[in-house]
Amino acid sequence: MTRLSSYLLPTEKEAPADAEALSHKLLVRAGLVRQMGAGLWTWLPAGWRVQRRIEAILREEMNRIGAHEMLMPLIQPAELWKRTGRYAIEELFKLQDRRGAELVLALTHEEAVTSHVAQVVRSYRDLPLILYHLQVKGRDEARPRAGVLRTREFVMKDSYSFDRDQDGLEASYARHIEAYDRIFDRTGLRWYRVAGDVGQMGGSGAHEYMAPCAAGENEVALASGYAANVEVASATAQPVELDERRDAPQEVATPNAKTVAEVAGLLGLPTGALLKAFPVLTEERGMILVLLRGDHRLNEIKLGAALGGAWRAASEAEIAEQIGPAGYIGPVGLDGRLPILLDDGAAPGAYVTGANRSDTHLRGVEPGRDFVFEQGDVRNVEVGDLVDGHPIEIEPAIEVGNIFQLGTRYSTVLGANYLDEQGKEQPIWMGSYGIGPARIAAAAVEQYADHAGISWPAAIAPFMVHLVVLGKPGSVERELADSLYETLIDGGIDVVYDDRDLGAGQKFADAELLGAPVRLTLGRRAAESGEVEVQLRRGSEARPSISLASTLADVEKLCSELA
RNA sequence: CGGGGCGUAGCGCAGUCUGGUAGCGCACUCGCUUUGGGAGCGAGAGGUCCCCGGUUCAAAUCCGGGCGCCCCGACCA
């Protein structure tokens, strides 16, 4: 029973003043969510219906690949998290019970599932296994933002795979790709599966599912046949005009010119003809000089991968001590003293570099001839760089799902082992896989909204049909609409009935805000002609009217066409 | 965690500089009219002006402290 006269759908003409993201504004205006605190949101009835529909798709597709649903607690003993080393995470909510026992609010459930599996799984015969649940996560975000997109508490579908070895893990991973591809297709979102950063969790493979939208926090590099998070994207740099070649590097006075732009301007060269130098400190190899083409930007994640460990930028004092004055440092003359890592984006040729002396640069410096170097891909890709000959574009996107090969990181620490055929104890190989239903809902709003409001993909709409009656209580129109509503409900149609005593304009405006794919209008015209008017939300497309005598069949047909 | 902004009715805001006991639009209630794209007239209800302290005859307004929320950045397992 969803009659708006007795439903909680607090629509607003104006968005809250502090809302910035489109999905934030519209979800609030359409009466789907309400804020309780920073990053804390209530899903009102219509909004919750959206989430439930998304969850239904998740359950169907997870079950299809043989995953089993369960439920694990949000509140967990801190001890477990201390064992895996994740207790130190700042985002982890920590609390105590009345006796002072330490507890946490789980940010994901690796510790929980793994500790159960460790107790229960003994033999290779018990594997493989995929377990999942839909549960609230707690995260003490440094900065919640964009309405429902980055919150401190949210429902997540997280699944975990348990296999005998890496091959098994890769198979489970592949099944998740299958399931996730189907899930995101079914939601009706525009999405990409992109290569992701394996991050500090370690592991061998990771993909992210990205839904492009303006409010997205990530950037995705896209080319024909290629999609990657810019954190890890890799492409061929666009060529740039370099310095003139000469027999040897030549000093040039560059007083007070410290930045790439200043030096390039002074010498009349494009910034790409310079090599900029980033001295970094690593634990294993000490200081390393990283060189990038002047117009390129360092990618810290890729640098971490290239260096194979933690690093930090060197301080000005450290630079002065080991190389020269900041702003004028370069690779020439450092041979043997410091390893030099040259980014792949710098093609062979002559460059301008610092001379390791104040107010002085060198022209005509050629990597290889004038200094020895190692090579690596440590820069951010730029719009127009090529992948297999295709130029890339960069789009903002929101991460709606991720899949991750964990390996044995958790199983080893938590003792999740099994006995193989030889009776030998082996660690279980794990994967973890997440999807955020709220982000799917928000991304759908972002991707399909128009000037009038939300336009839901049919698969996740709170209602398939929005029935608007125009006519006072007691009128013929009302009687017809009441009985049409009953007919549709009995026929299993997801319908919301606007039976409020409001003007036509207000009802239409609310219908457009809420965004059900189909609007049926029953007013005086219908009472006279015996036909209900049909309009699709997407594009405000008018469809032929439907006879009151055959509405159920025709609406069913329309719905299946849209699904 | 750094920088910026804001906190007055359900929502959007004015009033704060220059202290005098709170107002506008929308929404809400009642009556009449109206009724196919956010109606009209009339009458109403609704506020610890974020909190605590101080100054003052008097504080939404000035001073001190705190809390909350938003945006940019850092961060984001």
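Lettering of chains follows the sequences in order, A, B, ..., and the numbering in each one begins at 1. What you see below is based on every heavy atom in this structure, not just the backbone, and it leaves out hydrogens, waters and symmetry mates.
- As judged by a 4.0 angstrom heavy-atom cut-off over every strand, G503(A) is placed among residues making no nucleic acid contact.
- Not a single donor-acceptor pair, N or O on each side, falls under 3.5 Å between the base of G12(B) and the side chain of R29(A).
- Remark: the E477(A) side chain and the G36(B) base include no donor-acceptor N/O pair separated by less than 3.5 Å.
- Considering only side-chain atoms of R519(A), the nucleotide from C69(B), C75(B), G37(B) that sits closest is G37(B).
- Nearer to the 5' terminus of RNA chain B, by closest-nucleotide assignment, is the contact made by K13(A) (compared with the other of K13(A) and G37(A)).
- With respect to H109(A), the side-chain hydrogen bond (donor to acceptor under 3.5 Å, both in side chains) criterion is satisfied by exactly one of Q135(A), K137(A), H116(A): K137(A).
- Atom pair E14(A):CD and A27(B):P shows a separation of 11 Å (rounding to whole Å applied).
- Counting any heavy atom pair closer than 4.0 Å across all strands shown, K472(A) reaches a base atom.
- Put simply, the side chain of E533(A) and the base of G36(B) share a donor and an acceptor less than 3.5 Å apart.
- Side-chain proximity of D18(A) to C70(B), C75(B), G37(B): nearest is C70(B).
- Rounded to whole angstrom, the span from the CG atom of L470(A) across to the C1' atom of G37(B) amounts to 10 Å.
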(message) Test side chain to side chain donor-acceptor pair (under 3.5 Å) on E111(A) and T84(A); report intermediate values, then the result.
(response) CA-CA 7 Å; E111(A) 280 80 359; T84(A) 59; 2.6 Å; yes

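- You'll find that the side chain of T108(A) is closest to A77(B), out of G36(B), A77(B), C26(B).
- Among the atoms of the strands shown, base atoms are found under 4.0 Å from some heavy atom of A142(A).
- Nearest-nucleotide positions on RNA chain B place A527(A) closer to the 5' end than the other of A527(A) and E141(A).
- At whole-Å resolution of the value, OH in Y410(A) and P in A77(B) are 11 Å apart.
- Rounded to whole angstrom, the span from the CG atom of L414(A) across to the P atom of A77(B) amounts to 20 Å.
- One finds no salt bridge joining K472(A) and D501(A) here, because no Lys/Arg side-chain nitrogen approaches an Asp/Glu carboxylate oxygen to under 4.0 Å.
- Relative to the side chain of Q506(A), the nucleotides C69(B), G38(B), A74(B) differ in distance, and G38(B) lies closest.
- Below 30°, between 30° and 60°, or above 60°: for Y180(A) and Y433(A) the angle between ring planes is above 60°, a perpendicular geometry.
- One can place CG of L513(A) at 13 Å from C1' of C11(B), the figure rounded to the nearest angstrom.
- The distance from atom CD of Q76(A) to atom P of A77(B) is 18 Å, rounded to the nearest whole Å.
- With rounding to whole Å, K25(A) atom NZ is found 12 Å from G12(B) atom P.
- The side-chain tip of R538(A) points at the ring of Y448(A) from less than 6.0 angstrom away and within 45° of straight on.
- For E12(A), whose side chain is taken as the heavy atoms from C-beta onward, the closest listed nucleotide among C75(B), C11(B), A77(B) is C11(B).
- Spacing between atom CD of E90(A) and atom P of A77(B) amounts to 13 Å, rounded to whole angstrom units.
- Distance from the side chain of Q35(A) is smallest to C69(B) among G36(B), C69(B), G10(B).
- Note on A509(A): a base of the nucleic acid sits closer than 4.0 angstrom, heavy atoms only.
- Candidate nucleotides C71(B), G12(B), G37(B) were compared by shortest atom distance to the side chain of P16(A), and G12(B) ranks first.
- When the nucleotides G36(B), A74(B), G12(B) are ranked by their closest atom to the side chain of R143(A), A74(B) comes out on top.
- Screening N402(A), N229(A), N218(A) for a side-chain hydrogen bond (donor to acceptor under 3.5 Å, both in side chains) involving E208(A) leaves a single residue, N229(A).
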